[in-house]
Amino acid sequence: MCPGYEFSYDSLNLEIFGRKPENMLIGNSLNCYAGFSTNESVRFNSSSGGLITQILIFALEKGIIDGALVIKMNKDKPLEPEPFIARTKEEIIEAAQSKYCPVPANVAVKQIIDSNPNEKFAVVGLPCHINGIRKAQQINKKLKNNIVFCLGILCNHTPNFLATDLFLQRYNVKKEDIIKIDYRGNGWPGFMRIETTKSTLKISLGKYWWFIGSHFFYPKSCLTCSDGFCELSDASFGDAWLPEYSHDNKGTSVVVTRTEKMSQLLCDMKNELELIKIDDNRITQSQMGMLYFKKKSLNARLKFISNSSKSQEVLNPDLIDYILSIYVCFTVLISSNPIIRKMLAKVPLRVMWLYKLPYSIIVNSINSKNMWKKN
Ligand SMILES: Cc1cc2nc3c(=O)[nH]c(=O)nc-3n(C[C@H](O)[C@H](O)[C@H](O)COP(=O)(O)OP(=O)(O)OC[C@H]3O[C@@H](n4cnc5c(N)ncnc54)[C@H](O)[C@@H]3O)c2cc1C
């Protein structure tokens with residue numbers, strides 16, 4: 001079922017939404033919103049606006065679902081993500097926030113397959129998770145009938161485990177001392193919070209993202225992915241990286257709904273959610289860096305790495321995209337070298353920042369001119 005081996009976006013779009021993708025950047029859509037949960041605590045303790053957590057709680061309380069496939073960090077092994085079926089409000093809240101490490105969401109799918117025939121579920125996942133679920137639904141009736149909706153998470157890439165390991169080393173945190181790790185939460189854009197037997201560290205997203213977001217920690221499969229908006233989910237959720245929300249320290253999400261049942265569910269949540277309709281252009285504007293990576297420079301990267309059969313329409317790359325792709329592929333390639341890994345644990349964050357700076361400046365300038373989007 002792994003979507004990394006073979007995947008047809010057109011046929012799955014036809015099967016799920018009855019039409020091929022209308023918008024090459026975000027896929028099929030019905031409505032776009034920006035908003036947040038009206039529950040201050042849910043909003044503050046989630047990744048952005050707390051919408052995913054709030055929708056799951058509502059669906060559970062209204063009997064729309066009996067459980068949701070979500071991810072928490074394992075209590076005994078706090079650095080390991082644990083996919084599970086949350087069946088209570090408390091469990092859904094416990095699973096809130098983004099986990100910036102590889103997550104084997106498929107291990108909990110078996111619990112849905114083995115569940116009572118009348119039970120209904122929601123699934124939360126990254127594009128690669130949801131695409132795998134969609135393929136599995138094609139051959140497994142229980143998954144098709146019993147999963148009532150899939151909530152997708154916008155995704156640029158998932159950092160590998162090395163990112164967290166080296167980050168802990170640089171802060172002199174021993175893995176065995178860790179009691180709990182939160183990658184997001186505590187308002188927006190939030191903090192990484194590392195609770196150890198000795199102390200609690202709180203590191204702002206801005207600070208650790210230069211490290212964890214560095215191309216040194218990109219899994220190879222993320223280099224071949226063209227789906228940043230989780231285009232086969234019933235609704236997709238991301239951070240509202242827009243100027244009008246940049247001073248909001250509580251958190252706002254952007255949402256794309258793709259199915260009537262999801263649009264209706266959001267309408268029914270008038271008391272639980274604060275949502276405003278926005279243009280799909282504003283949604284793409286909030287994700288220009290990610291869209292450049294997925295839709296504009298993908299084919300340039302694929303010239304340098306082998307790829308399996310995935311068919312999704314993307315834009316043709318220009319010379320500058322090839323140059324930037326050489327930088328990205330070279331960085332991913334050398335990151336597997338043990339000497340480079342040792343160096344990464346030691347180099348000052350400023351050096352890491354400087355290494356990525358030319359790439360960021362060029363991509364920002366390409367995006368600010370909006371040239372590729374107009375083509
Ligand atoms: C690896 C990764 C990359 C991302 N990249 C982008 C991006 O490029 N642009 C952008 O705008 N937003 C990105 N996000 C999404 C963003 O961080 C928030 O998850 C999103 O805005 C939803 O916020 P929320 O407050 O509604 O979610 P919450 O209410 O906090 O709920 C989050 C839900 O997602 C589940 N979850 C968390 N991490 C994972 C995971 N790794 N795999 C599967 N399920 C998970 C949790 O169990 C929880 O149910 C990314 C998230 C992740 C995990």
Side-chain angles (χ1 to χ4, degrees), residues 26 33-37 39 41-60 67-73 80-86 91-108 122-130 132-133 150-161 163-164 182-190 192 205 209 212-213 217-219 222 225 227-230 233 235-242 245 250-256 266 272-273 275 283-294:
I26 65 171
Y33 303 94
F36 48 83
S37 161
N39 181 318
S41 160
V42 167
R43 185 181 178 193
F44 190 77
N45 291 308
S46 62
S47 284
S48 43
L51 294 184
I52 294 182
T53 299
Q54 194 63 65
I55 291 167
L56 295 178
I57 294 172
F58 182 85
L60 195 71
L69 195 167
V70 286
I71 321 291
K72 63 180 171 185
M73 297 311 277
E80 282 187 22
E82 182 184 333
F84 74 112
I85 306 293
E91 285 179 337
I92 287 169
I93 289 173
E94 191 187 351
Q97 302 168 2
S98 300
K99 280 81 185 172
Y100 293 124
C101 58
V103 165
N106 53 323
V107 300
V123 172
V124 180
L126 298 171
C128 46
H129 298 140
I130 300 300
I133 294 280
C150 292
L151 302 184
I153 303 171
L154 268 58
C155 182
N156 184 70
H157 74 286
T158 291
N160 59 29
F161 283 111
T164 306
D182 292 332
Y183 286 93
R184 292 282 296 263
N186 278 283
W188 192 85
M192 181 192 243
L205 176 75
W209 198 252
I212 277 189
F217 309 114
Y218 274 47
C222 292
C225 171
D227 183 359
F229 262 79
C230 206
S233 62
S236 305
F237 302 80
D239 286 275
W241 297 115
L242 288 166
Y245 301 110
K250 289 183 181 169
T252 303
S253 299
V254 286
V255 191
V256 179
L266 295 192
E272 290 79 10
L273 304 180
L275 291 177
I283 297 268
T284 54
Q285 212 65 48
S286 78
Q287 304 293 331
M288 288 301 281
M290 178 263 266
L291 285 171
Y292 171 80
F293 186 71
K294 301 283 180 187

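Counting convention: from 1, in listed order, for ligands and their atoms alike. Just the heavy atoms: all of them, side chains too, but no hydrogens, waters or symmetry mates, feed the values below.
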- Item | Atom indices of ligand 1 within 4.0 angstrom of Thr53 heavy atoms, with elements | 28 (P), 29 (O), 31 (O)
- Mark up the atoms of ligand 1 that fall under 4.0 Å of a heavy atom belonging to Ala95, in ascending order. 46 (C), 47 (O), 48 (C), 49 (O)
- Item | Any donor-acceptor N/O pair, Ser47 side chain to Ser98 backbone, under 3.5 Å | yes
- In terms of residue, atom name and distance, what is the protein heavy atom nearest to atom 2 (C) of ligand 1? Tyr100 CE2, 3.6 Å
- Message: Just to be sure I'm reading this right: ignoring hydrogens, which of Gly50, Ser98, Gly228, Ser46 gets closest to atom 53 (C) of ligand 1? Compare them by their nearest heavy atoms.
- Response: Ser98
- Task: Check if Ala105 has a non-hydrogen atom at a distance under 4.0 Å from any atom of ligand 1.
- Result: no
- Task: For Ser236 and Cys230, indicate whether the former's side chain and the latter's backbone hold a donor-acceptor pair under 3.5 Å.
- Result: yes
- Task: Report, in ascending order of atom number, the atoms of ligand 1 lying under 4.0 Å from any heavy atom of Arg184.
- Result: 17 (O)
- Tyr218 vs Phe293 aromatic rings, parallel, tilted or perpendicular, using cut-offs 30° and 60°? perpendicular
- Message: Please list the nearest protein heavy atom to atom 22 (C) of ligand 1 with its residue and the distance rounded to 0.1 Å.
- Response: Ser48 OG, 3.7 Å
- Note on the structure: the protein heavy atom lying closest to atom 41 (N) of ligand 1 turns out to be Lys99 O, 3.0 Å
- Message: Taking the cut-offs as 6.0 angstrom to the six-membered ring centre and 45 degrees off its axis, would you call Lys250 and Phe44 a cation-pi pair?
- Response: no
- Query: Can the ring centres of Tyr245 and Trp188 be said to be less than 6.0 Å apart?
  - Reply: no
- Among Leu154, Leu51, Ile92, whose heavy atom sits nearest atom 14 (N) of ligand 1? Leu154
- Message: Salt bridge or not between Asp239 and Arg184? Use side-chain N to carboxylate O under 4.0 Å.
- Response: yes
- Query: What about Gly238: any of its N or O atoms under 3.5 Å from an N or O on ligand 1?
  - Reply: yes
- Given Glu94, Lys72, His129, Gln287, which one has a non-hydrogen atom that is nearest to atom 43 (C) of ligand 1? His129
- Heavy-atom proximity to atom 34 (O) of ligand 1, best of Leu126, Asp239, Ile153: Ile153
- Answer yes or no: does an N/O atom from Val70 fall short of 3.5 Å to an N/O atom of ligand 1? no
- May I ask which of Gln54, Gln97, Met290 has a heavy atom nearer to atom 32 (C) of ligand 1 than the others do? Gln97
- Note on the structure: Looking only at protein heavy atoms, what sits closest to atom 44 (N) of ligand 1 is Ile71 CG1, 3.3 Å
- Answer yes or no: does an N/O atom from Gly125 fall short of 3.5 Å to an N/O atom of ligand 1? no
- Message: What's the separation between atom CG in Leu273 and atom CG in Asn39, rounded to the nearest 0.5 Å?
- Response: 10.5 Å
